[in-house]
Amino acid sequence: MVTIIGGGIAGTVLAGALACHERPATVFERRAAGRDGAFVVLDRHAHDVLGELEVPLDALESASYPVSGFRFHYLSRDRRTMRSRGHRLYPRAGLMRALTDFASEAGADIRYETPVTEVDPVTGTVFGGEEAVAVDDLIVAADGIDSVARTALEPERAAEYAGQVIFYGTTSKPVELPTDPDTLHFDGRLGAGLLPVSSFGHLWSEDTAFWFARLTRPPVPRQHTGFHAVAGWADEICSAAPSTDIIDTLLAHTDTLHVSNARSVPLHSAKPPQPPVILCGDADHAITPAAGRGACEAIDDVDALHRAILTGDDPAAAMTVRRSRIAAEREEAQRLYARALE
């Protein structure tokens, strides 16, 4: 049996994919099902991988919105537009419903509201409170950026604030904007670094609109993250906007927003993966949402671990290869983005 800590994208997909091959997997997830406020964008490669892992693609399509292209309004006109490569936008709650249905129907055991409080990497014991809830020869820790498992394995490799607070919103009713529909639009104020000092994105369709704002500022206290009334943040969001016409419309039609501090987990200082506890996804290599890569990287992690488990290969070796690829892909993405700013 495989014990999986964390029932987010990576943990749920891995449990379902293993169950499809009659490999029992138990997932321990601290939160209740379905409480997510952000949205994610997946490309064709991620969808291909999910299909190979036997996630029903029709369910994914029903839970998402097509992205016909990308427009970066702060770049020069000749570099402003990028074609879609099978991208789709998912409200995170809808994506998790589709993935949870897949995993449950495959026979995975997902235990919500069952927090893991401690992991013993020597004995492979998982604790919930003072009691051991699982002992296994393979524990996959997909428990996110505040990973309990990473704290036990590498207490010095803590999550770091990436310099921006991120707001996600979804309108409560349809809106019509002066921009092209079904296109993910980005606008922002450029500073000295690669990333804009503030950035705003939106995509609207005939029935709703999704938007985000990233503001460079000190982190907000933990109690101010999560869901909040939009009125409490509207002035600060508008004051940092390069243009307020569209953001004013979106704010006026949004009741609540989701607030989070952008953080990352340093990968360069990571210790080599070693059984029985293998880190996966954000637990191992979280990256600021501004990079737009976290969910896709986690899905590729799942694919590598799934293959290793089914074939009897070493999951630690699989994640070592994954880390090298992640580092190379991030470097290439940064190089291409810097070139676009020239």
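Numbers here are sequence positions counted from 1.
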- Item | From CZ (Phe70) to CG (Leu184), nearest 0.5 Å | 5.5 Å
- Task: Tell me yes or no: between the side chains of Thr100 and Tyr112, is some donor less than 3.5 Å from an acceptor?
- Result: yes
- Message: Less than 3.5 Å apart, any donor N or O on the side chain of Thr3 or Thr26 sitting next to an acceptor on the other?
- Response: no
- Message: Please tell me whether Trp204 and Val230 are part of a single hydrophobic cluster in this structure, the criterion being side-chain heavy atoms less than 4.5 Å apart.
- Response: yes
- Could you give the distance from CG (Asp48) to CD1 (Ile299), rounded to the nearest 0.5 Å? 11.0 Å
- Query: In terms of heavy-atom contacts, does CZ of Arg307 have more than 12 from other residues, nucleotides or ligands at under 6.0 Å?
  - Reply: no
- Query: Once you round to the nearest 0.5 Å, how far does CG of Asp301 lie from CG of Leu279?
  - Reply: 10.0 Å
- Begin with the C-alpha distance, continue with both residues' side-chain angles, and end with the deciding distance and a verdict on ring-ring contact (aromatic ring centres under 6.0 Å, His included) for Phe210 and Tyr65. CA-CA 10 Å; Phe210 303 94; Tyr65 294 79; 5.0 Å; yes
- Does any donor atom in the side chain of His45 or Asp300 lie under 3.5 Å from an acceptor atom in the other side chain? yes
- Message: If we ignore hydrogens and angles and just use 3.5 Å, is the side chain of Thr117 paired with the main-chain N or O of Gly129 as donor and acceptor?
- Response: yes
- Does the pair Phe186 and Phe72 meet the rule for a ring-ring contact (aromatic ring centres under 6.0 Å, His included), with working shown? CA-CA 5 Å; Phe186 297 85; Phe72 299 87; 4.8 Å; yes
- Message: Please check if the number of heavy atoms outside Asp235 that lie under 6.0 Å from its CG is greater than 12.
- Response: no
- Query: Is the count of non-hydrogen atoms from other residues, nucleotides or ligands lying under 6.0 Å from Glu236 atom CD greater than 12?
  - Reply: yes
- Item | Residue among Val220, Ile237, Thr216 satisfying side chain to side chain contact (heavy atoms under 4.5 Å, CB included) with Val165 | Val220
- Message: To the nearest 0.5 Å, what is the distance between CG on Asp282 and CD1 on Ile287?
- Response: 10.0 Å
- Item | Residue pair Asp120 / Thr123, side-chain donor-acceptor N/O under 3.5 Å | yes
- Query: Counting only N and O atoms by type, is there a donor-acceptor contact under 3.5 Å from the side chain of Arg157 to the main-chain atoms of Pro266?
  - Reply: yes
- Message: Consider side chain to side chain contact (heavy atoms under 4.5 Å, CB included). Of Val27, Ile139, Leu305, Val140, which one does Val2 pass it with?
- Response: Val140
- Message: Given 3.5 Å as the limit, does a donor-acceptor pair link the side chain of Glu154 with the main chain of Glu156, or not?
- Response: no
- Query: Can any side-chain N or O of Thr225 pair as donor or acceptor with the backbone N or O of Pro221 at less than 3.5 Å?
  - Reply: no
- Apply the test side chain to side chain donor-acceptor pair (under 3.5 Å) to residues Glu160 and Ser264: give CA-CA distance (whole Å), side-chain angles for both, the deciding distance (0.1 Å), then the verdict. CA-CA 5 Å; Glu160 300 173 347; Ser264 59; 4.7 Å; no
- Side-chain donor/acceptor of Arg263 to backbone N/O of Tyr161, under 3.5 Å: no
- Do any N or O atoms from the side chain of Arg88 and from the backbone of Arg44 form a donor-acceptor pair under 3.5 angstrom? no
- Item | Arg85 to His87 - nearest heavy-atom pair and separation | N-ND1, 3.0 Å
- Message: Give me the atom names and distance for the closest heavy-atom approach of Pro91 to Ala63.
- Response: CD-O, 3.6 Å
- May I ask you to say whether Asp284 pairs ionically with Arg323, meaning some side-chain N is under 4.0 Å from a carboxylate O? yes
- Are Leu203 and Leu75 joined in one hydrophobic group, where the rule is that I, L, V, M, F, W and Y side chains link up if heavy atoms are under 4.5 Å apart? yes
- Message: Arg293 vs Glu297, test: salt bridge (charged side-chain N to carboxylate O under 4.0 Å, His left out). Steps then yes/no.
- Response: CA-CA 6 Å; Arg293 302 182 56 83; Glu297 290 179 349; 3.2 Å; yes
- Item | His185 and Phe212: CA distance, side-chain angles, deciding distance, ring-ring contact (aromatic ring centres under 6.0 Å, His included) verdict | CA-CA 10 Å; His185 297 268; Phe212 71 83; over 10 Å; no
- Message: Please check this pair: side chain of Thr12 against backbone of Gly7, looking for a donor-acceptor N/O pair closer than 3.5 Å.
- Response: yes
- Task: May I ask whether Leu153 and Phe28 are part of the same hydrophobic cluster, defined by side-chain heavy atoms of I, L, V, M, F, W, Y residues being less than 4.5 angstrom apart, directly or through others?
- Result: yes
- Item | Cluster link Val49 to Val302, ILVMFWY, side chain under 4.5 Å | yes
- Any ion pair linking Arg97 and Asp101 (charged N to carboxylate O, less than 4.0 Å)? no
- Task: Would you indicate whether the side-chain heavy atoms of Asp303 and Val13 approach each other to under 4.5 Å?
- Result: no
- With a 6.0 Å cut-off on ring centres, are His21 and His306 close enough? yes
- Would His202 and Thr179 count as having a side-chain donor-acceptor pair, cut-off 3.5 Å? yes
- Message: One pair to check against side chain to side chain donor-acceptor pair (under 3.5 Å): Thr254 and Trp211. What are the steps and the verdict?
- Response: CA-CA 10 Å; Thr254 303; Trp211 62 270; 3.0 Å; yes
- Item | CD/Glu52: more than 12 non-hydrogen atoms of other groups inside 6.0 Å | yes
- Criterion ring-ring contact (aromatic ring centres under 6.0 Å, His included) on Phe167 and Trp233, from CA distance to verdict: CA-CA 9 Å; Phe167 306 87; Trp233 289 99; 5.0 Å; yes
- Item | CZ/Arg325: more than 12 non-hydrogen atoms of other groups inside 6.0 Å | no
- Message: Strictly below 4.0 Å, N to O, side chains only: are Arg30 and Asp143 in salt-bridge contact?
- Response: no
- Does atom CD of Glu331 have more than 12 heavy-atom neighbours from other groups under 6.0 Å away? no
- Message: According to a hydrophobic-cluster definition based on side-chain heavy atoms being under 4.5 Å apart (Ile, Leu, Val, Met, Phe, Trp, Tyr only), do Tyr90 and Leu53 belong together?
- Response: yes
- Message: Treating Ser68 as the side-chain partner and Asp182 as the backbone partner, does any N or O pair qualify as donor plus acceptor under 3.5 Å?
- Response: yes
- Is the backbone of Pro219 close enough, under 3.5 Å, to the side chain of Asn261 for a donor and an acceptor to pair up by distance? no
- Where the side chain of Asp180 meets the backbone of Thr183, is there a donor-acceptor pair that is under 3.5 Å apart? no
- Query: Which heavy atom of Leu42 sits nearest a heavy atom of Ala295, and at what distance?
  - Reply: CD2-CB, 3.8 Å
